[in-house]
Participant: 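Take a look at this one; I'll ask things after.
Only heavy atoms go into these numbers, but all of them, side chains included; no hydrogens, no water, no symmetry mates. This chain uses plain numbering: 1 for the first residue, then up along the sequence.
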Amino acid sequence: MIHILIALLVQGLLELAPRGALAPLEWPLAVLALAVVPHLLQGTTKRAYLAGRFRAAGSWQVLAQVAPLVLQLAAQGLFGWNRSVERWIGTRPELLGWPHPALLAALAPFGVYTLVAIDARARQAGAAQRAALRRFQVRMFATGVLPFAGFILGAWAIGLDQRLRVNLEEVGLFAGAAAAALFAVFLAAMPWVVKNVWETRPLPRGFQRELLVRLARELGLRAGDLRVWDTGNQISNAAVVGLGPSGVVLFSDALLGELSLRELAAVFAHEAAHVKRHHVLTFLAWSVAFFAAA
């Protein structure tokens, strides 16, 4: 999510630069050629580790992690990707203007570079772990991309109605109500997105589920949707997603495999406290305040 926000920030900063000051030429083939860089960086990292140069390997690894952002900056600032998108689609991609699908096309290289970087990292793992690692990282990336893509496409569809678009641009109360409605839709959709984009499944019947249902009843809570988050045993964590009866309680596969029943009950009590003390609403309020201030 942080990398996606930085990619959007880069897009906005490039829009503030004088037109023609950056990337006077269009080299879309160079943008495509940059996709080999993540594999080159991961290969260099592996060779440095095998040679015992661990400090150098760590530096190369950091560079490999930020490579999609650096490559996106190169694609837009050096090789004129935004100019190519404008020529192909007929609309200048703008983050600071009214949303248009051209913005998704402008950010497409970042998505490609990220997927290539995920593949490059997965290839460094053992053969038995590669598929699970690749699948897990792609799903996590998709979870961050889908809300932004949905907002851009939804706002663009609304903007096709000129009267509605003028109301949104000129009437503050109307724009505020639309923003609140959009935020409510986002909250309602998050549990569905998590369940279907992440690799989750219902917690099977057994001692673990029976314990958590009984504990929820004693705490005066509805057990909600208890689900196992399949991460390929890469993450040991639990989380509450969503509000109200549609909320989802996630337990990663690694966590369920490591904890005893008493320890699992303690973790569930921790997640229940988030619900009882309305921490999700508090977090959302802080998020809204942050974006409003920005």
Side-chain angles (χ1 to χ4, degrees), residues 1-4 118 122 125 128-151 180-288:
M1 185 68 75
I2 293 175
H3 283 198
I4 295 171
I118 289 172
Q129 298 177 323
R130 287 176 190 169
L133 177 60
R134 188 183 291 112
R135 186 169 60 248
F136 171 72
Q137 293 291 345
V138 168
R139 287 176 179 271
M140 293 295 292
F141 180 60
T143 306
V145 168
L146 285 176
F148 290 107
F151 169 77
L182 183 64
F183 193 65
V185 169
F186 173 77
L187 290 180
M190 273 309 296
W192 183 91
V193 171
V194 166
K195 286 197 295 185
N196 292 277
V197 178
W198 291 6
E199 198 167 359
T200 70
R201 52 186 168 85
L203 182 65
R205 294 182 179 276
F207 290 117
Q208 290 179 327
R209 185 177 187 88
E210 183 181 347
L211 170 70
L212 298 182
V213 171
R214 186 174 301 176
L215 180 57
R217 190 180 302 119
E218 291 181 4
L219 293 173
L221 296 173
R222 181 177 176 273
D225 193 355
L226 304 175
R227 301 188 74 85
V228 181
W229 179 19
D230 289 319
T231 69
N233 291 313
Q234 298 176 69
I235 289 183
S236 183
N237 205 353
V240 175
V241 181
L243 300 172
S246 63
V248 176
V249 184
L250 295 174
F251 301 93
S252 72
D253 46 8
L255 186 80
L256 292 172
E258 292 170 355
L259 301 187
S260 67
L261 289 177
R262 286 176 60 86
E263 292 166 337
L264 182 61
V267 170
F268 182 77
H270 171 91
E271 301 303 329
H274 286 312
V275 177
K276 295 279 281 188
R277 295 181 178 273
H278 309 294
H279 288 166
V280 176
L281 286 173
T282 302
F283 171 76
L284 292 175
W286 278 108
S287 299
V288 171

Participant: With A265, which residues qualify under side chain to side chain contact (heavy atoms under 4.5 Å, CB included), at least two apart?
Facilitator: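 So A265 forms a side chain to side chain contact (heavy atoms under 4.5 Å, CB included) with L211, L215.
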Participant: Pairs under 3.5 angstrom only: tabulate donor-acceptor contacts from the side chains of residues 254-261 to other protein residues two or more places apart or in another chain.
Facilitator:
residue	atom	partner	partner atom	Å
E258	OE1	S236	OG	3.0
S260	OG	E263	N	3.3
S260	OG	E263	OE1	3.3

Participant: In chain order, what residues pass the side chain to side chain contact (heavy atoms under 4.5 Å, CB included) check against R214, with sequence neighbours excluded?
Facilitator: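 Partners of R214 under the side chain to side chain contact (heavy atoms under 4.5 Å, CB included) test: E210, R217, E218.
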Participant: Roughly how far, to the nearest 0.5 Å, is CZ of F141 from CG of L146?
Facilitator: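 Output value for this atom pair is 10.0 Å.
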Participant: With sequence neighbours excluded, tell me which residues meet side chain to side chain contact (heavy atoms under 4.5 Å, CB included) with Q137.
Facilitator: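 Q137 satisfies side chain to side chain contact (heavy atoms under 4.5 Å, CB included) with I118, R121, L133 only.
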Participant: Tell me every residue that passes salt bridge (charged side-chain N to carboxylate O under 4.0 Å, His left out) with D230, counting only those two or more places apart in sequence or in another chain.
Facilitator: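 In terms of salt bridge (charged side-chain N to carboxylate O under 4.0 Å, His left out), with neighbours along the sequence ignored, D230 is linked to R201.
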Participant: Using the rule given for side chain to side chain donor-acceptor pair (under 3.5 Å), can you reason through N237 versus S252, listing the C-alpha separation, both sets of side-chain angles and the distance that settles it, and then say yes or no?
Facilitator: CA-CA 6 Å; N237 205 353; S252 72; over 6 Å; no
Participant: Among all residues two or more places apart in sequence or in another chain, which pass the ring-ring contact (aromatic ring centres under 6.0 Å, His included) test with F136?
Facilitator: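 Applying ring-ring contact (aromatic ring centres under 6.0 Å, His included) to F136 gives W229.
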Participant: Which salt bridge (charged side-chain N to carboxylate O under 4.0 Å, His left out) pairs, counting each pair once, include a residue from residues 133-142, with sequence neighbours left out?
Facilitator: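 For residues 133-142: D119-R134, R135-E199, R139-E199.
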Participant: At their closest point, which heavy atom of R209 faces which heavy atom of L203, and how far apart are they?
Facilitator: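 Smallest heavy-atom distance, with atoms named: NH1-O, 2.9 Å.
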Participant: Identify every side-chain donor-acceptor pair in residues 275-284 under 3.5 Å, counting partners at least two apart or on other chains, and give the distances.
Facilitator:
residue	atom	partner	partner atom	Å
K276	NZ	L219	O	3.3
H279	ND1	H274	ND1	2.8
T282	OG1	H278	O	3.1

Participant: Is there side-chain contact between V213 and L226, with at least one heavy-atom pair below 4.5 Å?
Facilitator: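 Sidechains of L226 and V213: in contact.
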Participant: Can you name the side chain to side chain contact (heavy atoms under 4.5 Å, CB included) partners of R227, sequence neighbours left out?
Facilitator: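 Scan of R227 (side chain to side chain contact (heavy atoms under 4.5 Å, CB included), adjacent residues dropped) gives K195, T200, P202, D225, V248, L250.
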Participant: For residues A132 and G232, report the shortest heavy-atom separation together with the two atoms involved.
Facilitator: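 Where A132 meets G232 most closely, the heavy atoms are CB-CA, 4.2 Å.
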